[in-house]
Structure formats: structure tokens, C-alpha cells
Amino acid sequence: MAVTLDNKLVVAISSRALFNLEEENRLYEAGDPQAYMKLQLERMDLPAGPGIAFSLIKKLLAFNDTTTQHVEVVILSRNDPVSGMRIFRSGLANEIRLQRGVFTQGRSPFRYLRPLGAHLFLSANADDVREALGAGFPAARVLTESVLAGNNYPNEVRIAFDGDAVLFSDEAEQVFQARGLDAFQEHELTNATQPLPEGPFKPLLAALHRLQQAGNAGNAGMRIRTALVTARSAPAHERAIRTLMNWDIRVDEAMFLGGLPKGEFLREFEPDFFFDDQTGHVDHAARHVPSGHVASGIANTPR
């Protein structure tokens, strides 16, 4: 039987998003790739420590057991193949089962998302993330300055999403940007029963929903807890809730913050990762939780 990734949640991740390689990256960014490769070789037997998305990946992989694999994690990296050896060794040392990887030695790896059928791409490289989003894949730039995830919920994968331009399209955000808050509220109240078009991360939310159901069926001992964390407030909350109902997908928590800073609320939720399209929101959130920027929608359109 041919090997396939069908019916699995596939996460593609760069080595720097999964492991702490900031010291090595500074050498690479200085324009000396040979010195970077030399350092990686010198550290071949020194495992890299956890990076910002480490907790998310380790917990997702815990849905797998000896008989069934529900999740596949693939390294998709600009690293050279030699440095890739250290990445696989670091996975083994950190008890993360990595089997597959693509190492492109400086070239953008995003085109390999399609044959992988990836449901998520996490990278510290902003250009790679933009290209992935443009190709229709859920993708986020990992903020490497984020704090690491806590360890209070070892059996729960906790993921928080912004709404507009992340789970939903930026249709409503365009109204807000063009005509202000009152017009936005009126627009959403008028269209409360009309589901919002899906945003770039709706496929990931649907895949997580399927993973949760598969985990329940397999008694893997893991569960997923999701949260919608949005600047919306009443009456604009109703359209967001009705949209999720229309998709037949539920979130466990919903926070309609009416413009309040999200970071402190996220700190209490303790997600393994948070996704937002607004740089101000995600920069603030990174002080409290692992965070990623989704460069989609009008907020990320050059003016």
C-alpha cells in the first residue's frame, strides 16, 4: 500500500519555529552561511532547546499512538541538508518524533506545502509565510521573542484564534477601516444571520475539529481546547457565533473584548499558540503567550 498523509493533520514547521536556534540564526543573518554550517556541525551532538512552537507540536504529536497516527509534523526549512541532521537529532533528544523534512539551503520552501497537503505552516520567515498564505495555506510568522508556553495543561492542546482575517474573512474589517466603528457595528448587526466568508485559518480549525473527534474515538488521552479572542463586542458578536454554528464547528471559549488588550486574557487562557493578523495585538500577546502573525487581510495590505 502506498504511503500517504491523507486523513492526518499535517503541520509543516521551520526548524527555527520548533527549536531555539536564535544564536545560530544571528550568525546566518550576518551573511556567513559557511560559519553557520560549521557551528551546526560543531553542535551536532548538542540538542537544540525548545522553540516557541515546541509545546504546540509536542502536544499535537501526543494524539498519535503505536497503532494510529493522526498527526504528521514535517520540517520545512531553509536550512542546508547537513544542518538538517542536527534538527532530526534535536527532535529525538526532545522526544519529538520527526520522520520527514525538506531542507532547501536558503530557498523558499513554501511550494512543498502542496504535495504535503499541509493544514498549517509555521515559520519565523515573514516572506515564506506570506507566500504560503497567498497559495491558500494557513500560515503564521512565529514571533521568536514570544514567551514559551506554560505546562499547566499537559493533556490539552490549547489554541487561540483572532476572528476577522484569521478564522473569518476580513469583510467586516474592511468596513471598519473604511467607515469606522459605528458603521462596522451597524453592518454586522444587519448581517447577523449571514455567515461570514471563511478566512485563511478556517481549514485548520476544521482539521482540529476532526482531530478532536478522532482522539475521542481512539481514547488517546489528549483533547483540544480552542478559543476565539476578538476585538469584536456586542452586537457584532452574534455574526461570529452564528458563522461558527453554520460551519458546524464549535470553540470552547469566546472572548469579545471590544478593543481591550488581548495579552492579559490570553495569559489566563494559557494557549500553546495564538494567531492574530494585527501586529499590535500579536506583539502585545507575545509578552504573555506563544504568538504568530497572520499576514492576511486589509490590515496587512501596503498603503
Side-chain angles (χ1 to χ4, degrees), residues 3 5 8-25 40 43-104 109 112-113 116-125 128 138-140 142-144 146-159 204 207-208 211-212 214-215 218 220-225 270-274 289-292:
V3 176
L5 298 181
K8 295 181 182 180
L9 172 68
V10 180
V11 179
I13 186 167
S14 73
S15 53
R16 191 173 154 216
L18 182 56
F19 296 114
N20 184 346
L21 296 167
E22 293 313 292
E23 182 180 351
E24 292 87 342
N25 184 66
Q40 291 282 43
R43 295 183 172 182
M44 189 64 65
D45 296 318
L46 177 64
I52 300 306
F54 182 89
S55 177
L56 173 67
I57 296 304
K58 188 160 189 175
K59 286 184 178 181
L60 284 173
L61 285 172
F63 274 85
N64 297 335
D65 56 36
T66 56
T67 60
T68 307
Q69 278 202 318
H70 299 292
V71 177
E72 180 73 26
V73 173
V74 181
I75 299 294
L76 203 56
S77 173
R78 285 177 177 252
N79 257 315
D80 61 277
V82 173
S83 300
M85 290 193 297
R86 186 183 179 212
I87 304 308
F88 279 114
R89 290 191 182 190
S90 296
L92 185 64
N94 285 281
E95 298 182 340
I96 287 186
R97 190 167 184 263
L98 301 172
Q99 292 182 286
R100 296 178 172 88
V102 176
F103 302 93
T104 60
Y112 296 108
L113 293 169
L116 287 171
H119 297 97
L120 176 64
F121 176 50
L122 294 174
S123 173
N125 187 292
D128 289 349
V142 173
L143 273 66
T144 56
S146 299
V147 302
L148 294 176
N151 54 13
N152 285 334
Y153 302 97
N155 297 318
E156 284 188 351
V157 179
R158 293 186 156 225
I159 305 178
L204 174 61
L208 290 170
L211 176 62
Q212 178 69 80
M222 294 293 296
R223 72 178 307 275
I224 296 170
R225 189 167 186 85
E270 297 186 64
D272 295 292
F273 214 84
F274 168 60
V289 299
S291 301

Run the salt bridge (Lys or Arg N to Asp or Glu O under 4.0 Å) test against R100 and tell me which residues pass, sequence neighbours left out. E72

Contacts of type side chain to side chain contact (heavy atoms under 4.5 Å, CB included), residue E270, not counting sequence neighbours: N152, Y153

Give a yes or no on whether N155 atom CG has more than 12 heavy-atom contacts from other residues, nucleotides or ligands under 6.0 Å away. yes

Going by side chain to side chain donor-acceptor pair (under 3.5 Å), name the residues that satisfy it together with N25, two or more places apart in sequence or in a different chain. none

Not counting sequence neighbours, which residues clear side chain to side chain contact (heavy atoms under 4.5 Å, CB included) with S55? List them please. K59, A149, D272

Side chain to side chain donor-acceptor pair (under 3.5 Å) partners of T66, counting only residues at least two apart: none

Main-chain N/O of D65 paired to T68 side chain as donor or acceptor, under 3.5 Å: no

Can you name the residues that form a ring-ring contact (aromatic ring centres under 6.0 Å, His included) with F273, not counting sequence neighbours? F275

Check salt bridge (Lys or Arg N to Asp or Glu O under 4.0 Å) between E22 and all other residues, then give those that pass, not counting sequence neighbours. R16

Taken in chain and number order and not counting sequence neighbours, the residues that satisfy side chain to side chain contact (heavy atoms under 4.5 Å, CB included) with L46 are R43, R86

Applying side chain to side chain donor-acceptor pair (under 3.5 Å), name anything that partners S291, two or more places apart in sequence or on another chain. none

Run the side chain to side chain donor-acceptor pair (under 3.5 Å) test against S83 and tell me which residues pass, sequence neighbours left out. D80

Residues two or more places apart in sequence or in another chain: which of them pass side chain to side chain contact (heavy atoms under 4.5 Å, CB included) with R78? T104, S108, P109, N125, D128

Taking N20 for its side chain and G49 for its backbone only, find out whether a donor-acceptor pair lies under 3.5 Å. no

Taking the inter-plane angle between the rings of F103 and F88 on a 0 to 90° scale, is it parallel (under 30°), tilted (30 to 60°) or perpendicular (over 60°)? perpendicular

